[in-house]
Amino acid sequence: MRLDKARIAPLTDAEMDAEQKETLEKTFQGRPVYNIFRTLGRAPKAFKSFMRWGGYILSDYNSLAPREREIVILRTGYNWKSGYEWAQHVRIGKECGLTDLEIQHIKEGPLAPSWSPLESAMIRAVDELTTDAFITDRTWGELDGLTEKQRMDLVMTVGQYTQVSMMLNSFGVQLDDDLELDPDLER
């Protein structure tokens, strides 16, 4: 975690105005509202637009298989040192079939022994996008096991979770009570 306290505090139930309550209730329908969404709820119109785009990235419209999508999201969050993002998506990644060893190997990068050649290329693409905003010709060629749409979705997924990581890190969104900080992301 970059910050040990929030710069922008998550909304408490008591602080919410009618529009914020309606937006969060409509979105979460009685499920817990995580700190990221309570924080973004301070800007309801931005929150609604953010949720539409983020909904695409996490939906079946994203042509990456859920396991591949989570590898991409986790590597993006790890590269941006987003402790909150990492903690949330470790849980989601496990639900999508990632093992503890694979999650450890996401931190190690594209040369870790868990990866197929295509998975290694996907992780390398994330690394290139999060350092230079560009996938090299070599890596693009190694992604030939992906369709054109899957390559587009890979780039869009990294872009979405780069934005999420920037917001989480800069706003100081703190972990929800049920999450644990990975020691590699303590600061």
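As the structure is a prediction and not an experimental result, all values here were calculated from the model.
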Rounded distance [0.5 Å steps], CZ in Arg69 versus SG in Cys96:
5.0 Å
For the pair Gln160 (side chain) and Thr157 (backbone), establish whether a donor and an acceptor sit closer than 3.5 Å, ignoring hydrogens and angles.
no
What I want to check is whether the side chains of Thr130 and Trp80 have a donor and an acceptor closer together than 3.5 Å.
no
In terms of heavy-atom contacts, Arg42 and Pro10 come closest through NH2-O, 3.8 Å
Pairing residues for Arg31 by the side chain to side chain donor-acceptor pair (under 3.5 Å) criterion, not counting sequence neighbours
none
Test side chain to side chain donor-acceptor pair (under 3.5 Å) applied to Gln174 - qualifying residues, sequence neighbours left out:
none
One should read off an interatomic distance between Arg7 CZ and Asn169 CG, to the nearest 0.5 angstrom, of 9.5 Å
Inter-residue atom distance Leu181.CG - Trp86.CH2, 0.5 Å rounding
11.5 Å
Got a sec, which residues hit side chain to side chain donor-acceptor pair (under 3.5 Å) with Asp60, two or more places apart in sequence or on another chain?
none
Count I, L, V, M, F, W, Y as connected when their side-chain heavy atoms are under 4.5 Å apart, and connections chain through other members. Are Met166 and Leu74 then in the same cluster?
no
Could you check whether the rings of Phe37 and Phe50 sit parallel, tilted or perpendicular, using 30° and 60° as the cut-offs?
tilted
Could you tell me whether the side chain of Arg38 reaches within less than 4.5 Å of the side chain of Met16, counting heavy atoms only?
yes
Does Tyr34 have any ring-ring contact (aromatic ring centres under 6.0 Å, His included) partners at least two apart in sequence or in another chain, and if so, which?
none
Euclidean distance, Gln20 CD relative to Leu40 CG, rounded to 0.5 Å
11.5 Å
Using a 3.5 Å distance criterion without hydrogens, assess whether the side chain of Ser120 forms a donor-acceptor pair with backbone atoms of Ser116.
no
May I ask you to check whether Glu142 and Thr139 show a side-chain donor-acceptor distance below 3.5 Å?
no
Connected hydrophobic set around Val158, excluding itself, where side chains approach under 4.5 Å:
Leu64, Val72, Leu118, Met122, Val126, Leu129, Ile135, Trp140, Leu143, Leu146, Leu154, Val155
Any salt bridge linking Arg91 with Glu95? Criterion: basic side-chain nitrogen under 4.0 Å from a carboxylate oxygen.
no
Is a side-chain N or O of Glu68 found less than 3.5 angstrom from the main chain of Ala65, in a donor-acceptor match?
yes
The reported gap from NZ in Lys149 to OH in Tyr61 (rounded to nearest 0.5 angstrom) is 10.5 Å
Can you give me the closest heavy-atom contact between Leu185 and Lys81, atom names plus distance?
CD2-CA, 3.8 Å
Do Arg67 and Glu119 sit within salt-bridge range, that is, some charged N less than 4.0 Å from a carboxylate O?
yes
Is it the case that atom CG in Asp177 sees more than 12 heavy atoms from other parts of the structure closer than 6.0 Å?
no
Is there a donor-acceptor contact under 3.5 Å from the side chain of Asp17 to the main chain of Glu19?
yes
Would you say the side chains of Asn79 and Tyr161 form a donor-acceptor pair under 3.5 Å?
no
Can you tell which of Thr39, Leu3, Ile36 makes a side-chain contact (heavy atoms from CB on, under 4.5 Å) with Leu168?
Ile36
Heavy-atom side-chain contact between Ile71 and Trp115 under 4.5 Å
yes
So, for Pro110 and Asp127, which heavy atoms are closest and what is the spacing to 0.1 Å?
CD-OD2, 3.5 Å
Could you walk me through whether Glu180 and Val90 satisfy the side chain to side chain contact (heavy atoms under 4.5 Å, CB included) test, starting with their C-alpha distance in whole Å, then the side-chain angles of each, then the deciding distance to 0.1 Å, before giving a yes or no?
CA-CA 10 Å; Glu180 289 184 36; Val90 163; over 6 Å; no
Evaluate the criterion side chain to side chain contact (heavy atoms under 4.5 Å, CB included) for residue pair His89 and Val164; output intermediate values, then yes/no.
CA-CA 12 Å; His89 279 272; Val164 169; over 6 Å; no
Donor-acceptor pair, distance only, cut-off 3.5 Å: does the side chain of Arg75 make one with the backbone of Ile106?
yes
Trp53 versus Met156, closest heavy-atom pair with distance
CH2-SD, 3.6 Å
Take Glu15 and Thr12, measure what side-chain hydrogen bond (donor to acceptor under 3.5 Å, both in side chains) needs, and give me the verdict at the end.
CA-CA 5 Å; Glu15 290 178 301; Thr12 64; 3.3 Å; yes
Got more than 12 heavy atoms from elsewhere within 6.0 Å of CD, Gln104?
yes
Got a donor-acceptor contact below 3.5 angstrom from the Glu128 side chain to the Thr136 backbone?
yes
Could you give the distance from CD (Glu108) to CD1 (Ile103), rounded to the nearest 0.5 Å?
12.5 Å
Under 3.5 Å, side chain of Glu25 to main-chain N/O of Glu22, donor-acceptor pair present?
no
Is Gln150 reaching over with its side chain to a backbone N or O of Ser63, donor-acceptor style, under 3.5 angstrom?
yes
Restricting to non-hydrogen atoms, name the atom on Asn35 and the atom on Leu175 that form the minimum distance, rounded to 0.1 Å.
ND2-O, 3.5 Å
With a 4.5 Å heavy-atom cut-off, do Thr27 and Phe47 have their side chains touching?
yes
Checking the side chain of Arg2 only, and the main-chain atoms of Ser82 only, is there a donor and an acceptor separated by less than 3.5 Å?
no
Inspect the contact between Asp182 and Lys107 and indicate whether a charged nitrogen and a carboxylate oxygen are less than 4.0 angstrom apart.
yes
Who else is in Phe134's hydrophobic cluster (ILVMFWY, side-chain heavy atoms under 4.5 Å, direct or via others)?
none
Are Tyr84 and Ile92 in one and the same hydrophobic cluster, where Ile, Leu, Val, Met, Phe, Trp and Tyr link if side-chain heavy atoms are under 4.5 Å apart?
no
Any Ile73 side-chain heavy atom under 4.5 Å of Glu85 side chain
yes
